[in-house]
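Report on one structure; see the data block that follows.
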Amino acid sequence: MRSYTLLACAKINLYLEIVGDRADGYHELAMIMQSVDLCDRIHIEPSGTDSIRVTCNHPDVPCDSSNLAYRAAELMRSEFPEAFARYGGVNIYITKKIPVAAGLAGGSSNAAAVVVGINLLWNLGLTQGECEQLGAVLGSDVPFCIRGGTALATGRGEKLSPLPDLDQLYVVLAKYESVKISTAWAYQTYRATYEETYIRDPEHIEAYGQKVHSGPIVRAIASKDSAIITEELRNDFEKIVLPEYPQLVSLKQRFIEAGAIGTLMSGSGSTVFALTESHSEAERIKAYIEQELHHPDLKLWVAQFSPTGIKVSE
């Protein structure tokens with residue numbers, strides 16, 4: 001049986017609004033998510049046994065059942081027992097390029113690649129939509145990581161509406177390796193501070209979602225208007241994260257000084273990104289930040305917006 005190697009793209013949030021509470025205990029969100037071509041490499045092959053084994057080159061990534069890629073394989077095993085009985089277990093090799101605990105959906109993208117890869121390996125013939133439904137069991141970001149491109153996400157992040165590709169934009173990603181922000185902490189802290197602003201009525205939540213669908217940033221994406229897109233960048237988590245981490249505030253300021261057309265923190269952090277309209281401009285800004293801050297703990301990457309989330313590597 002053949003094996004598959006897949007490239008799993010990171011994601012950034014161009015827009016992240018915490019709208020309110022849901023009956024299932026999650027937060028109601030309105031997000032615009034974007035794939036970027038900073039990718040982990042996921043290799044999946046038959047194990048020749050009935051076991052699932054995960055190996056990763058990054059020391060901070062667990063290789064047991066707490067790994068989302070491992071759980072994705074377990075899910076496929078439980079959902080498709082006949083295929084598992086026929087084809088057996090899998091070995092999963094993860095080569096990380098997406099930084100860990102960075103707000104870039106690295107774990108979710110790995111899980112997405114495993115769902116797509118096992119679909120191919122076991123000849124399941126699942127559609128993209130069916131893969132996304134499986135991904136939603138694993139985590140809110142996984143369906144988007146399977147679909148990729150540019151999308152408006154509502155609900156807890158699993159309800160996706162595709163938007164036109166933004167292939168003209170590049171991004172500089174910056175992360176202090178020692179700054180690791182817990183998503184659970186971010187949500188809990190945001191709730192404690194801003195709970196009085198939450199919408200709880202389902203009808204009002206539905207109406208608000210429709211409002212976001214026709215909002216200015218969605219219209220700007222449709223017309224590929226970079227100036228308005230950058231004016232409308234939003235991440236509610238910045239309200240509680242930036243006061244705790246002044247180095248991220250300084251990083252955003254440096255990006256603007258360097259000439260970025262826009263800058264924002266991604267997800268619950270701690271990655272901060274800057275947007276540009278050319279690869280050369282992104283490289284120039286990256287070099288400027290490296291020279292100005294010159295901090296051994298700060299890592300930077302340049303990436304382009306990607307129209308896909310998971311790519312099968314030749």
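Note that the structure is predicted; figures quoted are calculated from it, not measured.
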Looking only at non-hydrogen atoms, find the nearest pair between [X] and [Y] and report the distance.
X: I98; Y: S109; value: CD1-OG, 3.7 Å
X: N119; Y: L126; value: OD1-N, 2.9 Å
X: C63; Y: Y70; value: O-CD1, 3.9 Å

With sequence neighbours left out, write down each residue that passes ring-ring contact (aromatic ring centres under 6.0 Å, His included) with H295, or none if nothing qualifies. Y176
With sequence neighbours left out, write down each residue that passes ring-ring contact (aromatic ring centres under 6.0 Å, His included) with Y190, or none if nothing qualifies. Y194
Straight-line distance of I221 CD1 to I32 CD1, nearest 0.5 Å: 4.0 Å
Is a salt bridge present between K252 and E238, judged by a nitrogen-to-oxygen distance below 4.0 Å? yes
Check E290 with K286, please: is the shortest side-chain N to carboxylate O separation under 4.0 Å? yes
Can a donor-acceptor pair be found between the side chains of E158 and S140 at a distance below 3.5 Å? no
Tell me every residue that passes side chain to side chain donor-acceptor pair (under 3.5 Å) with R71, counting only those two or more places apart in sequence or in another chain. none
Does NZ belonging to K239 count more than 12 external heavy atoms closer than 6.0 Å? yes
How would you list all residue pairs meeting salt bridge (charged side-chain N to carboxylate O under 4.0 Å, His left out) that involve residues 132-154, not counting sequence neighbours? E132-R147
Can you list every pair that meets salt bridge (charged side-chain N to carboxylate O under 4.0 Å, His left out) and has a residue in residues 88-113, with sequence neighbours left out? D40-K96
How are the rings of Y187 and F237 set relative to one another: parallel (under 30°), tilted (30 to 60°) or perpendicular (over 60°)? perpendicular
Show the numbers, then the answer: is there a salt bridge (Lys or Arg N to Asp or Glu O under 4.0 Å) between D21 and R191? CA-CA 9 Å; D21 270 332; R191 181 190 295 276; 2.8 Å; yes
Set of residues satisfying side chain to side chain contact (heavy atoms under 4.5 Å, CB included) with respect to Q188, sequence neighbours excluded: A184
